Novice: 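I'd like to ask some things about the structure below.
Everything numeric here is computed off the predicted structure, so don't read it as measured data.
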Amino acid sequence: MEIETIGRALAEARRTGRKLEEYPCVRPDMGEALAIQGAMTAAMGASVVGWKVGLTSLRAQELCGVDAPLAGPLFEGSVWGSGVEIAPVEGDLGILEAEIGLRMQADLPPRAAPYERAEVLAAVGEVLPVIEWVNKRLPGGIRDAAEWLAADGVINRGVICGAGHPFNPDRDLAGERVTVRRDDVAVTEGVGANAMGGPDAVIAWLANDLSARGIGLRRGDVVATGLICDVVHAVPGARIEADFMTLGPVAVAVAG
């Protein structure tokens, strides 16, 4: 299996907004998939500015045959401010997910000892409302083998970020509610606990997952902590807004 070649192909597909017409090899195992993700990251020529965490519900993990979430990098140029207009690309899944975001205020570098949750939370500086735009570089729809999802950066296109708030580990983010509206019509709602019980559990998992992979979290990284309600489709010409109970709104306009 040509890990670097596949990584370069996925990076080129991500940069150009075009899907691969077929899978580049037989399905990799998870170790190979993460190596492909690493090769794709190296070939992007853009800085990693955060992470997307997916499969944060037991149901999603069961559907993909895994027992833990998956994490993929967010790249410079794929983190936008609220109100941005984004055009779908060729073959775009155009799936939008309302999530709770966290921004790091300190590095959590790789190390042998696991990070304790309190230590991880002390490194978080802000909490913010986000919408993730989901898209694949590989063929097919959103359902796929977990190994392919991992190789493709956990199928993120990027995230739209609302205003940040100082992070307090005692804040009840598990109870944070959100209502998502398409053109001012409510289409779905959810609560922070739907992603692994809350963002604190997600960020603690991510810190240790990245540490084990020899990567680590860095100051300034934005982390999208997982879907907390039903997905919404990016209908051309529509405005999608996720209105969080205490975090406030974040919105994206889909170019027609």
Side-chain angles (χ1 to χ4, degrees), residues 10 13-21 50-57 59-64 69-70 72 74-75 77-101 128-146 148-150 152-162 176-192 194-195 222-245 247-256:
L10 286 172
R14 183 180 284 266
R15 283 193 298 266
T16 61
R18 296 178 180 175
K19 277 190 173 185
L20 301 182
E21 294 183 0
W51 294 88
K52 171 258 175 79
V53 183
L55 305 187
T56 51
S57 72
R59 176 61 176 156
Q61 291 171 21
E62 289 170 356
L63 286 172
C64 288
L70 297 174
L74 299 170
F75 295 100
S78 66
V79 177
W80 303 284
S82 183
V84 66
E85 182 179 75
I86 299 176
V89 297
E90 181 182 348
D92 205 321
L93 292 180
I95 290 173
L96 305 178
E97 299 183 350
E99 307 185 18
I100 295 173
L128 57 155
V130 305
I131 294 173
E132 181 194 348
W133 189 302
V134 176
N135 190 31
K136 288 178 72 179
R137 270 56 57 178
L138 292 165
I142 191 170
R143 290 192 177 182
D144 208 338
W148 283 125
L149 299 180
D152 194 13
V154 197
I155 63 173
N156 76 79
R157 181 179 177 188
V159 296
I160 301 98
C161 297
E176 181 74 17
R177 303 201 67 84
V178 64
T179 299
V180 182
R181 296 180 176 87
R182 181 191 292 119
D183 294 330
D184 298 322
V185 177
V187 290
T188 185
E189 60 183 20
V191 64
N194 289 342
V222 172
V223 176
T225 63
L227 176 66
I228 61 174
C229 57
D230 289 340
V231 301
V232 177
H233 291 278
V235 177
R239 181 179 186 274
I240 309 298
E241 180 180 81
D243 189 11
F244 288 76
M245 180 174 62
L247 299 178
V250 57
V252 58
V254 184

Novice: How close do Pro69 and Val53 get, counting heavy atoms only, and between which atoms?
Specialist: CB-CG1, 3.8 Å
Novice: Is there a side-chain contact between Val250 and Val130 in this structure, where contact means two heavy atoms from C-beta onward sitting under 4.5 Å apart?
Specialist: no
Novice: What's the shortest heavy-atom distance between Ala98 and Val178, and which atoms?
Specialist: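 Closest heavy-atom pair between Ala98 and Val178: CB-CG2, 4.3 Å.
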Novice: Do the non-hydrogen side-chain atoms of Lys19 and Leu93 ever get within less than 4.5 Å of each other?
Specialist: yes
Novice: Return the CZ to CG distance between Arg239 and Asp184, rounded to the nearest 0.5 Å.
Specialist: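 CG of Asp184 is found 7.0 Å from CZ of Arg239.
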Novice: Backbone N or O of Cys229 within a donor-acceptor pair of the Glu189 side chain at under 3.5 Å?
Specialist: no
Novice: Ignoring hydrogens and geometry, is there a side-chain-to-backbone donor-acceptor pair from Lys52 to Val154 under 3.5 Å?
Specialist: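 Pair found, side chain donor or acceptor close to backbone of Val154.
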Novice: If I compare all heavy atoms of Ser82 with all of Gly162, which pair ends up nearest, and what's the gap?
Specialist: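 Closest pair (atom of Ser82, atom of Gly162, distance): CB-CA, 4.2 Å.
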Novice: Quickly, which of Leu10, Ile95, Ile155 forms a side-chain contact (heavy atoms from CB on, under 4.5 Å) with Lys136? Name it, please.
Specialist: Ile155
Novice: If we ignore hydrogens and angles and just use 3.5 Å, is the side chain of Glu99 paired with the main-chain N or O of Gly226 as donor and acceptor?
Specialist: yes
Novice: Search all heavy atoms of Ala195 against all heavy atoms of Thr225 and return the closest pair with its distance.
Specialist: CB-O, 3.7 Å
Novice: Between Ala146 and Leu70, which heavy-atom pair has the shortest distance, and what is it?
Specialist: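 Nearest pair, atom of Ala146 first, then Leu70: O-CD1, 3.6 Å.
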Novice: Evaluate Val159 against Leu74 for side chain to side chain contact (heavy atoms under 4.5 Å, CB included), listing each step before the verdict.
Specialist: CA-CA 8 Å; Val159 296; Leu74 299 170; 3.9 Å; yes
Novice: Is any side-chain heavy atom of Asn156 closer than 4.5 Å to a side-chain heavy atom of Glu132?
Specialist: yes
Novice: Could you give the distance from CD1 (Ile100) to CG (Leu227), rounded to the nearest 0.5 Å?
Specialist: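 Those atoms lie 11.5 Å apart.
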Novice: What residues form a side chain to side chain contact (heavy atoms under 4.5 Å, CB included) with Asp230, not counting sequence neighbours?
Specialist: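 So Asp230 forms a side chain to side chain contact (heavy atoms under 4.5 Å, CB included) with Thr188.
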Novice: Can you list the steps and then say if Ile240 with Val180 is a side chain to side chain contact (heavy atoms under 4.5 Å, CB included)?
Specialist: CA-CA 7 Å; Ile240 309 298; Val180 182; 3.9 Å; yes
Novice: Is it true that Arg137 and Asp152 make a salt bridge, defined as a side-chain N closer than 4.0 Å to a carboxylate O?
Specialist: yes
Novice: Side chains of Val252 and Leu96, heavy atoms from C-beta outward: is any pair under 4.5 Å?
Specialist: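 Heavy-atom side-chain distance check passes, below 4.5 Å.
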Novice: Who passes side chain to side chain donor-acceptor pair (under 3.5 Å) against Asp92, sequence neighbours left out?
Specialist: Trp133, Arg157
Novice: Roughly how far, to the nearest 0.5 Å, is the CD1 atom of Ile160 from the CG atom of Leu128?
Specialist: 12.0 Å
Novice: Looking at every heavy atom in both Asp144 and Pro139, which two are closest together, and how far apart are they?
Specialist: OD2-O, 4.2 Å
Novice: Taking atom CG of Asn194 and atom CD of Glu176, what is their separation to the nearest 0.5 Å?
Specialist: 12.5 Å
